[in-house]
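The residues of the chain are indexed from 1 along the displayed sequence.
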Amino acid sequence: MKKSTIFLLAAAVVLAVVAFIATRKSGPEAPKKLDIAGYASESELEAEKKLGLMDARPTIKHPIDEVVIEKSDVTIRLVRDGEGEEAKWRLAAPVEAPAVKYQVEQLIELFKTKTTRMDARAIQEKDWPLFDFEAERRIGLTLKSKGAVWNGVDLVVGQVVKDGEPGGEESVKGTWVMVKGDAATAFLIADKDLRTPANKTVADLRDKKVFDFEADQVSRIEIADPSGGKVVLVGETVETPPAPDAGEDAKPTKSTTWTLSEPAGVKGDAGISALARNLANLRVNEFVPLAEAKDEAKQALAGATWKIAAKVGDKEVRLLVSEASKEPIWAQVEGRDELMTLASYAANNVRKGLDELKDKTIWDLDKDALSALKLKGDAGPIAIEKGEAGWRFVEPPVAFAADPGSFATSGAKLTAVRWAKPAELEAARAALATPEIQAEVRAGAASYALTISAVIADPAGGGAQNRWAVLGEVATAEPFLISDFVAKRFVTTVDALRNKKLLPQGKDAIASVSIQLAGQTEVATLERPSTGGELMLVAPPAGKVQNDEAVRTIASTLGVLEAKSFHDGATTEVTGLTPDKASKVVIKYQDGASATLWLSATSAGDGAVYALVDQGPLANVPVAVNEYQAKNVAKSLDELTKDAELPSE
């Protein structure tokens with residue numbers, strides 16, 4: 001081939017290549033990268049891997065302080081206050097309210113580790129439905145730190161891709177996303193489901209707490225009930241700095257003292273300190289936008305309501321709560337364009353008037369100061385008085401020694417369930433006009449006359465068994481509710497008020513005890529050493545040593561032995577209290593006094609056996625004592641000993 005021909009062919013090829021390059025259509029750009037660095041360090045992630053199943057997961061701090069979620073019908077904005085475990089999230093739009101921390105952190109935690117694409121595709125708008133990018137399905141997700149987009153997380157979240165065997169549990173393969181500002185590329189984020197935690201409603205993200213403050217921030221609470229009655233509580237908070245050795249992370253402690261300032265001169269109940277907590281922690285069943293609220297809800301708040309105002313820092317919040325006793329109980333915070341429903345217990349925790357906030361202590365007496373009692377008996381009043389020789393029966397004038405111990409244990413203090421509400425006064429006094437129980441308690445020179453009605457229907461509509469009561473004159477004194485079981489403290493019998501203590505002195509006064517079981521000649525003797533200490537078994541059999549626990553049980557039982565019931569005049573045939581049928585226990589005291597106790601094996605019913613003592617207020621009166629106590633005392637020599645341990649070689 002001629003050189004000129006070769007040259008022409010080469011030139012033609014070059015021109016063809018240039019023409020192709022110059023005239024070709026522009027094709028799709030190469031797929032872009034999408035890599036988002038995680039906020040956790042490698043060391044934090046490695047430490048987390050080493051944790052056991054039961055180990056607490058440490059909080060890994062992150063810089064994200066704002067989350068914006070955009071949907072077709074709403075834009076949700078969440079803002080963080082504080083750091084780490086102390087951090088709190090709140091809704092800033094579309095409403096101002098506390099947020100559910102774990103719901104927000106669940107989304108943020110997806111970016112703890114690196115986020116990478118496993119696929120990228122060039123797309124057009126017509127392809128959007130294939131990826132859930134159309135307007136009604138797409139979810140905008142933006143994470144921010146200090147006002148700027150964090151690590152480029154300004155995304156449109158689309159479809160979640162799952163993978164798995166038929167019939168098996170599917171796993172997340174990834175999530176299709178677009179970067180805002182680039183609608184021509186779809187990225188498949190590997191192994192992460194961004195859509196589920198981002199696809200929460202405002203109701204899901206909103207904490208059910210009504211208020212976003214703490215109890216120690218409240219300094220004043222005013223409550224007006226539906227009748228117009230008003231109470232005012234004032235709190236004084238004291239902050240105590242941490243101890244010098246408490247560590248650099250230690251925080252001051254706060255304590256608030258609450259007082260009832262209005263009405264003046266009225267002492268508040270111990271429970272008033274809980275009201276600020278109840279208000280700060282008040283939770284709703286449901287928030288309802290005012291525009292969507294039905295007429296019945298609006299009417300409930302237009303009728304009889306409780307009005308609660310609280311000073312929080314330098315601001316004031318006001319709450320309106322319906323008087324309704326059955327759910328739904330409607331409420332509204334002043335200034336909010338929404339209503340809410342409360343559970344009955346939540347509403348009752350803040351609907352508290354003077355009847356619940358006033359001190360409910362009717363009396364609180366030193367039981368040793370009691371000097372006289374008059375209680376209701378089966379056949380009329382039963383009265384006992386304390387004299388120089390001890391307690392005695394006045395009515396009926398029986399010869400037995402008396403003892404108020406059974407009453408004093410529970411009756412020395414009387415506390416009301418609550419005071420009568422203004423609307424209940426008439427019904428309470430009508431019930432008290434024909435009382436079922438009347439009692440009088442005297443402590444020193446002070447006397448307390450108590451009148452108690454029959455059981456009444458529960459004013460709250462529940463099943464509580466309560467009674468009205470009044471201290472003093474029924475016509476003028478303020479009625480209060482007491483529970484039925486408390487009212488029954490003031491109903492008694494002669495036997496219940498009899499002196500029940502069998503032996504005259506306690507266990508520490510015992511010098512010796514001798515035990516002879518029924519029908520046996522063997523006597524076991526316990527003596528207290530002259531140097532003091534516990535009772536000791538005298539002369540245990542050869543090869544035996546004292547069973548310390550059994551000996552201690554005898555002494556402790558004798559010190560507290562009481563009659564369970566009385567059987568005056570019962571014959572020995574009935575009680576089995578004869579030398580051949582009863583065990584004999586002789587107790588000698590360190591002051592020289594002594595007492596002999598007989599314990600029968602004959603059942604007195606109800607887990608008891610008969611007993612008789614020859615000294616004290618119950619001398620020679622057949623009584624019943626608990627069977628297990630009788631067995632604790634009437635022990636054989638064999639039960640009081642155990643084999644001696646052989647010396648080790």
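At least one side-chain heavy atom of Phe111 sits less than 4.5 Å from a side-chain heavy atom of Leu194. In this structure the side chain of Leu34 reaches within 4.5 angstrom of the side chain of Val177, judged on heavy atoms. Taking 4.5 Å as the limit, some side-chain heavy atom of Glu66 sits within range of a side-chain heavy atom of Arg77. Two residues are said to be in side-chain contact when any heavy atoms from C-beta on lie closer than 4.5 Å; Met340 and Leu319 meet this criterion. Between Asp269 and Glu356 there is no side-chain heavy-atom pair separated by less than 4.5 Å. Under the 4.5 Å side-chain criterion, counting only non-hydrogen atoms from C-beta, Leu282 is not in contact with Asn349. The side-chain heavy atoms of Lys254 and Glu214, taken from C-beta on, include no pair separated by under 4.5 Å. Contact check for Val156 versus Trp128: no side-chain heavy atoms found under the 4.5 Å cut-off.
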Between Leu370 and Leu365, does a side-chain contact (heavy atoms from CB on, under 4.5 Å) hold up when you go through it step by step? CA-CA 8 Å; Leu370 294 176; Leu365 309 172; 4.0 Å; yes
Val68 vs Thr75, test: side-chain contact (heavy atoms from CB on, under 4.5 Å). Steps then yes/no. CA-CA 7 Å; Val68 180; Thr75 295; 4.0 Å; yes
Take Leu471 and Trp363 through the test side-chain contact (heavy atoms from CB on, under 4.5 Å) and record every step on the way to the result. CA-CA 10 Å; Leu471 198 63; Trp363 68 60; 3.8 Å; yes
Does the pair Arg467 and Asp484 meet the rule for a salt bridge (Lys or Arg N to Asp or Glu O under 4.0 Å), with working shown? CA-CA 6 Å; Arg467 299 170 183 254; Asp484 181 45; 2.7 Å; yes
Evaluation steps, side-chain contact (heavy atoms from CB on, under 4.5 Å), between Val95 and Phe287: CA-CA 11 Å; Val95 294; Phe287 292 101; over 6 Å; no
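Nearest heavy-atom pair, Ala37 versus Asn151, reported as atom, atom and distance to 0.1 Å: O-ND2, 2.9 Å. The minimum heavy-atom distance between Ile272 and Trp258, with the atom names listed, is CD1-O, 3.4 Å. Across all their heavy atoms, Lys352 and Leu275 have their closest contact at CD-CD1, 4.2 Å. Nearest heavy-atom pair, Ala198 versus Ile139, reported as atom, atom and distance to 0.1 Å: O-CG2, 4.0 Å. Residues Leu301 and Val321 approach most closely at CD2-C, 4.3 Å, considering heavy atoms. The nearest pair of heavy atoms linking Ser322 to Trp306 is O-CD1, 4.3 Å.
Counted within 6.0 Å of CD on Glu42, heavy atoms from surrounding residues, nucleotides or ligands total 12 or fewer; the atom is thus considered open. For Lys173, the NZ atom counts as loosely surrounded, since its 6.0 Å shell holds 12 or fewer non-hydrogen atoms of other residues, nucleotides or ligands. Atom CD of Glu236 is surrounded by 12 or fewer heavy atoms from other residues, nucleotides or ligands within 6.0 Å.
Between atom NZ of residue Lys162 and atom OG1 of residue Thr175 there is a gap of 9.5 Å, rounded to the nearest 0.5 Å. Taken from OG1 in Thr201 to NZ in Lys71, the straight-line distance is 6.5 Å, to the nearest 0.5 Å. Between atom CD of residue Glu323 and atom CZ of residue Arg351 there is a gap of 7.5 Å, rounded to the nearest 0.5 Å. Atoms CG and CZ, from Asn199 and Arg137 in turn, are 7.5 Å apart once rounded to the nearest 0.5 Å. Rounding to the nearest 0.5 Å gives a distance of 9.0 Å between CG of Asn285 and NZ of Lys208. Residue Arg318 holds its CZ atom at 11.5 Å from CD1 of Ile308, rounded to the nearest 0.5 Å.
If you check the side chains of Thr142 and Lys180, you find a donor sitting under 3.5 Å from an acceptor. Donor-acceptor pairing under 3.5 Å is lacking for the side chains of Gln103 and Trp89. Looking only at atom types and distance, the side chain of Thr113 has a donor-acceptor partner in the side chain of Lys192 under 3.5 Å away.
At least one donor-acceptor pair closer than 3.5 Å links the side chain of Glu424 to the backbone N or O of Lys421. Under the 3.5 Å distance criterion, the side-chain polar atoms of Arg80 are matched with a main-chain donor or acceptor of Gly82. Judged purely by atom type and a 3.5 angstrom limit, Asp65 uses its side chain to pair as donor or acceptor with the backbone of Lys146. Side chain of Ser453 to backbone of Trp468: a donor-acceptor contact under 3.5 angstrom is found. Between the side chain of Arg429 and the backbone N or O of Val474, at least one donor-acceptor pair lies under 3.5 Å. The closest donor-acceptor contact from the side chain of Thr341 to the backbone of Pro328 lies at 3.5 Å or more, if one exists at all. In this structure a side-chain-to-backbone donor-acceptor pair under 3.5 Å is present from Ser273 to Ala270. Looking at Glu327, its side chain does come within 3.5 Å of a backbone N or O of Ser344 through a donor-acceptor pair. No donor-acceptor distance shorter than 3.5 angstrom exists from the side chain of Thr256 to the backbone of Asp216, with no hydrogens or angles considered.
Ring orientation note: the planes of His62 and Tyr39 are tilted relative to one another, at an angle of 30° to 60°.
Look at Glu109 and Lys112 and you find a salt bridge, because one of the NZ, NE, NH1 or NH2 atoms lies within 4.0 Å of a carboxylate O, short of that distance. Contact check on Glu83 versus Lys61 returns no salt bridge, with no Lys/Arg side-chain nitrogen under 4.0 Å from an Asp/Glu carboxylate oxygen. Electrostatic pairing of Lys101 and Asp207 does not count as a salt bridge here, judged by no charged N lying under 4.0 Å from a carboxylate O.
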